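The next block holds one structure in the form of structure tokens; read it before the comments.
In each ligand, atom 1 is the first atom listed, and ligand 1 is the first ligand listed. Here the structure is a predicted model, which means the values were calculated and not measured.
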Amino acid sequence: MGAHHGQILRILRDEGAQSRAILARRSKLSPTTLTHVTAQLLADGAVAEDEPVASNGVGRPGLAIRLLPDAYHVAGVHIGAGLVQLVVTNLIGVPKAAAAFDFEVPQTQPDAVIARVAYEIERLVAESSVGRLLGVGLGVPGPVDAEQRSILASLNTGWRNPPLAEMLEQQTGLATVLEHNVSSMAIAESRFGIGRDVPAVLFVYLRSGFGAGLVIDGIPFRPGGHGAVELGHIQISQNGPLCSCGNHGCLESYVNERVLMRALELKGPPPSDLLAQLEKTAEWAPMLTRLTDSLSIAINLLTPDLIVFGGHLGEAPESLFSHLRTHLPPRVMPHMRDILRLERTSFGSQAGAIGGATVALDHFFYSGVRH
Ligand SMILES: [Zn+2]
């Protein structure tokens with residue numbers, strides 16, 4: 001397998017079954033190379049050749065090559081602050097099995113979390129009878145190094161530079177890749193969700209922190225310093241509360257799970273209708289204002305065509321979306337007013353884990369490189 005195989009697999013993923021003639025035209029591979037590549041993919045079992053596709057009336061119709069979505073599987077893992085979610089998915093991100101567990105922040109060390117992840121992956125594989133996995137994608141709560149092997153610093157877990165990919169590989173024997181967790185969610189929407197065929201997708205995610213991830217033309221935006229898109233650390237008040245980053249008055253210092261739980265006088269695990277409960281209180285209007293202020297800055301800077309909302313924002317009452325759809329357009333550049341769409345995540349509470357799986361598929365299948 002190699003880059004040409006990956007190119008053909010990505011066309012089949014994004015555009016469905018295709019004749020060899022169309023694959024040749026779309027990939028710009030020579031007929032000889034294409035024949036060689038498709039023969040290898042057929043032998044590998046990743047694609048099948050079956051029903052004829054309609055021709056343009058010249059010559060006989062060719063047989064279509066199509067992806068076999070259940071030929072292989074990967075594991076996707078979302079590591080959040082205090083919560084881990086796992087899925088095993090097929091080649092188009094459809095979950096076949098899922099698991100989740102909590103851990104104490106900041107007491108729990110990364111090796112304990114990784115040991116439990118390895119155990120859960122083995123259990124899911126055994127239960128779902130999917131055979132050997134191609135690899136694992138870990139969505140992690142912080143920026144990752146250029147090789148996508150280590151998380152650099154995570155404010156919300158206190159972890160510093162643990163080589164998570166190597167740690168998991170040693171326990172599972174499965175190739176592992178890391179990505180910033182909210183960036184993984186944006187990638188999943190762009191490949192398999194509501195962000196398909198959308199040039200720029202911004203994902204915003206509220207749970208213990210306020211995270212964001214941006215994908216442009218299918219590629220995660222990874223600016224200097226390996227940084228994620230730190231929308232949560234836009235300063236909205238110079239005299240605001242101390243933030244986990246050391247600054248004062250960041251969006252995240254006002255809009256995070258702990259602060260919202262305290263406003264609602266709630267204890268224990270956060271309810272899935274956290275924002276619906278907040279809607280009934282005096283805290284709701286200022287939160288909407290802060291969200292509108294911050295998103296209008298993000299839209300003018302990043303010009304996303306689509307903003308996808310996940311975590312508590314994905315479960316938010318409809319009034320949050322109607323507020324933003326009314327109050328954001330006047331705050332952004334005129335050309336953005338007609339383009340911008342605001343939608344809930346396609347993947348509900350599994351967005352992070354499916355994000356991890358999508359990153360694994362990108363690296364260990366659609367790249368054409370197997371490990
Ligand atoms: Zn901050």
Counting distance only, does the side-chain N/O of Gln7 pair as donor-acceptor with the main-chain N or O of Ser27 below 3.5 Å?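 At least one qualifying donor-acceptor pair exists.
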
Donor-acceptor check, side chain of Ser154 to backbone of Leu152, threshold 3.5 angstrom: yes or no?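 Absent.
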
Separation of Ser237 OG from Leu251 CG (nearest 0.5 Å):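 Spacing of CG (Leu251) from OG (Ser237) equals 11.5 Å.
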
Between Arg325 and Glu318, does any NZ, NE, NH1 or NH2 come within less than 4.0 Å of an OD or OE carboxylate oxygen? yes

What about the rings of Phe203 and Phe309, do their centers lie closer together than 6.0 Å? no

When you check the side-chain N and O atoms of Thr33 and Ser30, is any donor under 3.5 Å from an acceptor? yes

Taking the Zn ion (ligand 1) as the center, what protein N, O or S atoms are found at less than 2.8 Å?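 For the Zn ion (ligand 1), the protein N, O and S atoms that sit under 2.8 Å away are His233 ND1, Cys243 SG, Cys245 SG, Cys250 SG.
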
